[in-house]
Protein chains: 4
Amino acid sequence: MPRPSRWPEVMAAAAKVFRAKGYHAATLEDVADEVGMLKGSLYNYITSKEELLFAVVRPPAEQLLEQTRALVAAEGTAPGKVVAIARVHAGVLAEHFVYAAVYVHEIAGMGRYPEWAAMDHEYVELVRAVLAAGVAEGSLRDDLDVRTAGHVLIGSLNWLTRWWDPDGPASAEEMADRVSATFLDGSRSRPAR
Amino acid sequence: MPRPSRWPEVMAAAAKVFRAKGYHAATLEDVADEVGMLKGSLYNYITSKEELLFAVVRPPAEQLLEQTRALVAAEGTAPGKVVAIARVHAGVLAEHFVYAAVYVHEIAGMGRYPEWAAMDHEYVELVRAVLAAGVAEGSLRDDLDVRTAGHVLIGSLNWLTRWWDPDGPASAEEMADRVSATFLDGSRSRPAR
Amino acid sequence: MPRPSRWPEVMAAAAKVFRAKGYHAATLEDVADEVGMLKGSLYNYITSKEELLFAVVRPPAEQLLEQTRALVAAEGTAPGKVVAIARVHAGVLAEHFVYAAVYVHEIAGMGRYPEWAAMDHEYVELVRAVLAAGVAEGSLRDDLDVRTAGHVLIGSLNWLTRWWDPDGPASAEEMADRVSATFLDGSRSRPAR
Amino acid sequence: MPRPSRWPEVMAAAAKVFRAKGYHAATLEDVADEVGMLKGSLYNYITSKEELLFAVVRPPAEQLLEQTRALVAAEGTAPGKVVAIARVHAGVLAEHFVYAAVYVHEIAGMGRYPEWAAMDHEYVELVRAVLAAGVAEGSLRDDLDVRTAGHVLIGSLNWLTRWWDPDGPASAEEMADRVSATFLDGSRSRPAR
DNA sequence: AATGAATGAGGCTTCATTCAT
DNA sequence: TATGAATGAAGCCTCATTCAT
């Protein structure tokens with residue numbers, strides 16, 4: 001679909017409104033008001049409300065997947081990749097915050113939209129593959145339950161959308177490092193030896 | 001409010017439907033169909049759709065808060081309390097799975113319903129207090145960012161609603177132990193010594 | 001679909017409005033106004049506007065087809081059956097005038113609704129079969145083009161919806177007899193012999 | 001009104017679309033797509049959708065009326081004129097098929113557009129006048145109901161738009177002759193004498 | 001407590017029409 | 001003449017809610 005010129009404004013408005021009210025509670029009139037046009041005019045840009053949701057949610061989803069694919073394929077050990085995963089994840093959240101928040105809220109792990117299940121599943125599998133490789137290579141604990149651990153990592157990162165302000169004092173990289181450090185090394189103090 | 005006799009069925013149906021479709025996308029007719037009555041009849045039990053949401057969401061929220069309050073107040077060190085927090089959290093999820101999933105999806109960390117902000121906030125504070133005490137007492141790393149760590153723990157646990165099947169092979173206690181173990185000790189293998 | 005009690009009123013209103021304005025130009029609000037309810041309330045009776053069209057149009061269509069089937073299957077020669085066809089056709093028009101007018105205007109021979117094509121086609125075939133039998137048995141001209149003649153008869157009868165007032169002086173039977181007489185014997189005067 | 005250069009294309013597209021979907025169901029965007037321009041551009045050619053309908057419908061209507069007026073005014077007996085009427089009618093249909101189909105469907109005998117009532121009425125009157133003259137002169141049966149017979153003839157001819165393919169094997173003249181033959185002499189076989 | 005039926009508000013979507021370029 | 005984009009009105013449909021029975 002060729003997009004008229006105010007498409008970025010429409011997307012930004014939609015993401016903002018969807019994040020603030022949730023996709024279902026948000027109305028296209030809310031979105032149109034935010035852009036400064038009438039709700040009917042939105043249909044120069046979209047075909048349906050759901051298409052707008054997908055348009056909003058696609059950039060972070062694709063970026064996350066592409067960057068994660070690349071990082072997983074690269075050389076390196078599991079702990080390094082876990083840090084990289086967290087940085088990519090937090091980086092995407094920061095860059096597309098409201099868009100990503102919509103993704104996390106409406107789609108991730110929810111199985112509600114078949115169109116997105118494959119993408120969603122692939123990401124989980126990529127993370128899991130890293131962890132499994134870490135166990136195999138000995139860099140991660142051999143008693144690690146890889147499935148659970150993957151979801152713990154992803155969950156911690158996705159949960160950032162509920163409390164982290166990417167424009168606040170903590171940068172995406174700092175957040176990523178804190179989350180991945182806790183994931184890798186835990187929060188318990190080590191007996192000095 | 002004295003509730004007529006089919007109240008538990010109504011609650012269960014509402015939780016099921018809210019979880020499956022999300023609160024906003026779910027209709028009272030969906031709920032009524034699930035119970036086997038007409039939608040108008042639901043108003044013998046409720047005053048509004050939102051009240052039904054709150055009714056669904058209250059049991060897990062209250063139980064989580066009460067049990068966590070108790071556990072925080074009890075004797076013990078932070079690591080032990082972290083395990084206990086995870087067990088309580090996973091236990092509440094397991095016991096009220098669909099109800100809790102609705103809470104997590106619609107309310108936790110979302111700031112959408114002022115009525116629930118206080119409860120939601122208190123829980124976060126309780127967890128944070130445990131972690132802060134752990135740092136103070138030396139059982140947790142002194143470089144731990146307590147706010148982030150609290151959200152990491154809570155996020156990992158809440159994220160269970162998106163992938164864990166409480167009726168599957170992994171019990172609530174097992175899940176809690178895996179999550180808390182990762183949180184406390186990390187996933188990195190320790191050099192054997 | 002179980003129909004609430006004012007269903008006949010709804011049908012009558014819909015037929016009236018569809019006939020007056022045409023299906024597409026008619027609005028459900030027109031129909032609702034005619035019944036004396038709000039447009040949303042119509043959805044206690046129907047699932048969509050198109051379903052209402054089909055509901056309106058089904059009774060005359062089915063009655064016409066059933067009665068015509070019976071008459072075709074009965075004993076008799078073609079000319080007698082032509083008269084009977086005309087009487088059935090005009091009778092159905094008279095009994096369900098507005099409904100039938102909607103059928104004729106929106107559906108007959110139009111191929112717009114696949115759901116109705118079979119019914120529509122069967123009727124044409126029944127008429128044609130009578131004419132073909134008439135040619136075979138010698139009661140109709142052997143140079144008759146049966147396809148054309150069938151459509152001429154049906155067209156003359158359907159065209160009644162554009163000018164005949166079934167509540168006017170000419171009864172359905174009279175109309176049928178005039179139309180079938182012209183069809184059978186023509187309008188030319190015969191040389192007295 | 002001076003018409004820009006692609007006016008014939010616009011008319012043809014409109015006729016095609018109006019015939020396929022019906023005037024109300026057709027959108028100006030459908031028409032514009034058919035022409036290969038944007039819907040807004042149509043307003044270089046027209047002032048309103050209804051004007052487009054009238055433009056489409058005028059050529060066959062005027063041609064039919066003019067030719068029929070001429071033929072009625074000419075010398076001759078009623079039977080000959082009936083044949084001529086049918087030939088003119090079928091000829092106009094063939095020449096402007098989709099345009100004429102739109103006329104028949106949207107306007108003929110429908111009384112929906114006051115602008116067209118006079119034209120429509122005049123045609124009916126012309127046909128009726130021929131039949132009445134035939135009765136008076138003795139060439140048509142003296143028991144003929146002229147009003148009904150006129151509508152039968154016109155209806156049979158208009159109904160051609162629902163089933164006849166003017167590009168098929170039967171020419172307009174053949175169709176006209178079959179229809180008028182049936183109208184004049186009927187379909188019943190005459191006892192050989 | 002439940003039903004059947006209605007209300008009324010509001011949401012999504014369509015579309016004829018306008019207008020600056 | 002055509003485009004791109006917008007307007008504004010209206011239409012279909014949904015749904016929380018009410019109410020008489």
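Below, chains carry the letters A, B, ... as their sequence lines are ordered, and counting in each starts from 1.
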Legend entry - Protein-nucleotide distance (His24(B), atom NE2; dC12(E), atom P), rounded to Å: 12 Å

Inset, instruction - Provide, to the nearest angstrom, the distance between the CE atom belonging to Met37(A) and the C1' atom belonging to dG8(F). - result: 14 Å

Legend entry - All ring pair (Phe, Tyr, Trp, His ring centres under 6.0 Å) counterparts of Tyr123(B), not counting sequence neighbours: His89(B)

Inset, instruction - In whole angstrom, give the distance that lies between atom OH of Tyr23(A) and atom P of dG11(E). - result: 14 Å

Legend entry - Set of side-chain hydrogen bond (donor to acceptor under 3.5 Å, both in side chains) partners for Glu122(D), sequence neighbours left out: Arg69(D)

Legend entry - Glu9(A): salt bridge (charged side-chain N to carboxylate O under 4.0 Å, His left out) partners, not counting sequence neighbours: Arg6(A)

Inset, instruction - With sequence neighbours left out, write down each residue that passes ring pair (Phe, Tyr, Trp, His ring centres under 6.0 Å) with Phe97(B), or none if nothing qualifies. - result: none

Legend entry - Sub-4.5 Å side-chain heavy-atom contact between His24(B) and Tyr23(A): no

Inset, instruction - Go through the N and O atoms of the side chain of Asn44(A) and the base of dA5(F), and report whether any donor-acceptor pair is under 3.5 Å. - result: no

Legend entry - Gap between atoms CD and P, on Glu51(B) and dA16(F) respectively (whole Å): 15 Å

Legend entry - Length of the line joining Trp7(B):CH2 and dA2(E):P, which is rounded to integer Å: 13 Å

Legend entry - Distance, rounded to the nearest Å, where Ile46(C) contributes CD1 and dC12(F) contributes P: 9 Å

Inset, instruction - Would you please name every residue forming a salt bridge (charged side-chain N to carboxylate O under 4.0 Å, His left out) with Lys49(B), sequence neighbours left out? - result: none

Legend entry - Partner set under side-chain hydrogen bond (donor to acceptor under 3.5 Å, both in side chains) for Ser48(D), not counting sequence neighbours: none

Inset, instruction - Name all residues meeting the salt bridge (charged side-chain N to carboxylate O under 4.0 Å, His left out) criterion together with Glu62(C); count only those two or more places apart in sequence or in a different chain, and write none if there are none. - result: Arg58(C)

Inset, instruction - Find the distance Leu38(D):CG to dA16(E):P and express it as a whole number of Å. - result: 14 Å

Legend entry - DNA chain E: stems of at least 3 consecutive Watson-Crick or G-U pairs whose donor-acceptor distances fall under 3.5 Å: E:2-21 with F:2-21

Listing time: all N or O pairs from protein to nucleotides 18-21 of chain F that are below 3.5 Å?
none

Legend entry - Flag for Ser41(A)-Asn44(A): side-chain donor and acceptor within less than 3.5 Å: no

Inset, instruction - Would you kindly compare Leu42(D) and Glu50(C) by the position of their nearest DNA chain F nucleotide and give the one closer to the 5′ end? - result: Leu42(D)

Legend entry - Partner set under salt bridge (charged side-chain N to carboxylate O under 4.0 Å, His left out) for Glu95(C), not counting sequence neighbours: none

Inset, instruction - Would you jot down, in residue-number order, the residues of residues 25-35 of chain A having a non-hydrogen atom under 4.0 Å from DNA chain F? - result: none

Legend entry - Ser5(C) side-chain N/O to dA5(E) phosphate OP1/OP2 under 4.0 Å: yes

Inset, instruction - Would you tell me if any nitrogen or oxygen in the side chain of Arg6(B) comes within less than 4.0 Å of OP1 or OP2 on dA2(E)? - result: yes

Inset, instruction - Give every residue pair that meets the side chain to side chain donor-acceptor pair (under 3.5 Å) criterion with at least one member in residues 99-113 of chain C, sequence neighbours excluded. - result: Tyr103(C)-Asp120(C)

